[in-house]
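Remarks on the structure that follows.
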Amino acid sequence: MILLTGATGNTGGEAAKHLAAAKAPFRVLIRNPDKAGPLEELGAEIAIGDFGDAEALRQALAGVDKAYLVTPNEEDQPQWERQFIELAQEAGVKHIVYLSSMESVPGATTQVTQAHVAAEQQLRDSGLTWTMIRPTFFNQLLLSTARGVKAKDAIVFPLGSGRLVTTDVRDIGEVIAKVLTEPGHENQSYDITGPDLVTMTEVAEKFSKVLGRQIDYVDQPIEEFAGILRMIGMKDWRVDAVCEELAMIAAGSLEHRTDTIEKLLGRPPISLDQFISDYKAAFE
């Protein structure tokens, strides 16, 4: 039995589709029972609970051989991940697949990357087998710019002139499912990226080409971006963490590509052009 966390989110949701297609038995841990329907249609067992509920985690982990661990980037992330790994050991789980990030390396200075580094080290020391999945900036995060693209023909985002490489969550989900269902990935760390190393101005050029109209990049002041996050109800800790991550990316933390997706999936990764084409309706 496989346990998926984050199955109502980006990477976990994509992994669930691939596990269902592979007819692999899996269980999902979700907080909101109202979101269970689509996962039940995929054949998933449903466990209700959250990372702060140790007893719910024990029940969700019962009889599980492999688990996919992804937690929200929140202030309690280090405690949640530490407890999940300890309870997985207690439950006899053999293998944990953990979603980290490519910029999470020893010496990392942001709160989120430090949490990832700590969890990776705990897994290495745990006696469990593990696989680290370490992607970059998700293509799908660009969906948050859709309002500006539609209203002003502009991608408004605080990433300056730095270059970054992105990764599509559909590729990430397929990699996760492959690692969970096939041998040979034990104690491996996979840095995965898409094929495009670009500035945001070059991203806007790709949008222009695919959408057939001029799209410009507007470098948004980080203080303005933070104010919008607070206005929509995001807590101060999360606002600060998001802004830290974006500042690190703008400074060049994601400037190298890998061929891991080609090696694991036997095909090229999804490009930015393909992402924009696939999600074209959201920007029109």
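Only heavy atoms go into these numbers, but all of them, side chains included; no hydrogens, no water, no symmetry mates.
- A donor-acceptor contact shorter than 3.5 Å links the side chain of Arg134 to the backbone of Ser104.
- Using a 3.5 Å distance cut-off with no hydrogens or angles, the side chains of Glu120 and Ser100 do pair a donor with an acceptor.
- In this structure, the side chains of Leu164 and Leu197 stay at 4.5 Å or more apart for every pair of heavy atoms.
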| request: Apply side chain to side chain contact (heavy atoms under 4.5 Å, CB included) to the pair Val175 and Leu265, showing each step before the final yes or no. | output: CA-CA 7 Å; Val175 167; Leu265 302 183; 4.1 Å; yes

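- Between the side chains of Thr258 and Tyr190, not a single donor N or O lies within less than 3.5 Å of an accepting N or O.
- Side-chain heavy atoms closer than 4.5 Å link hydrophobic residues (I, L, V, M, F, W, Y) into clusters, and following such links, possibly through other members, connects Val70 to Val28.
- Of all heavy-atom pairs between Met200 and Leu159, the closest is CG-CB, 3.7 Å.
- The two residues Ser161 and Thr199 make their nearest non-hydrogen contact at O-CG2, 3.6 Å.
- To the nearest 0.5 Å, atom OG1 of residue Thr131 and atom CD of residue Gln188 are 7.5 Å apart.
- With rounding to the nearest 0.5 angstrom, the CG atom of Leu128 is 9.5 Å from the CG atom of Asn187.
- By the 6.0 Å contact criterion, CZ on Arg147 is open, its count of non-hydrogen atoms from other residues, nucleotides or ligands being 12 or less.
- When atom types are taken as modelled, the side chain of Ser208 and the backbone of Ala204 share a donor-acceptor pair closer than 3.5 angstrom.
- Side chains of Thr71 and Glu81: a donor-acceptor N/O pair is present below 3.5 angstrom, by distance only.
- Side-chain atoms of Asn10 and Glu14 form no donor-acceptor pair, as typed in the model, at a separation below 3.5 Å.
- The residues Arg58 and Glu90 are annotated as salt-bridged, a charged nitrogen and a carboxylate oxygen being separated by less than 4.0 angstrom.
- Side chains of Ser271 and Asp196: a donor-acceptor N/O pair is absent below 3.5 angstrom, by distance only.
- Under 3.5 Å, the side chains of Gln111 and Trp237 contain a donor-acceptor pair of N or O atoms.
- Judged purely by distance below 3.5 Å, without hydrogens or angles, the side chains of Tyr217 and Glu202 never pair a donor atom with an acceptor atom.
- Shown here is Arg31, whose CZ atom has no more than 12 heavy atoms of other residues, nucleotides or ligands within 6.0 Å.
- By the rule that hydrophobic residues join a cluster once side-chain heavy atoms approach within less than 4.5 Å of another member, Leu99 and Phe137 end up as members of one cluster.
- Atom NE2 of His185 is separated from atom CH2 of Trp130 by 13.5 Å, given to the nearest 0.5 angstrom.
- Looking only at distances, a side-chain donor or acceptor of Glu186 sits under 3.5 Å from a matching main-chain atom of Gly184.
- Nearest approach of Gln214 to Asp153, heavy atoms of both residues: O-CB, 3.4 Å.
- No side-chain donor from either of Thr113 and Glu103 sits under 3.5 Å from a side-chain acceptor of the other.
- A side-chain donor-acceptor contact under 3.5 Å links Asp50 to the backbone of Asp53.
- For Phe283 and Tyr279, the gap between ring centers reaches or exceeds 6.0 Å.
- Expressed to the nearest 0.5 Å, how far CD1 of Ile192 lies from OG1 of Thr136 amounts to 8.0 Å.
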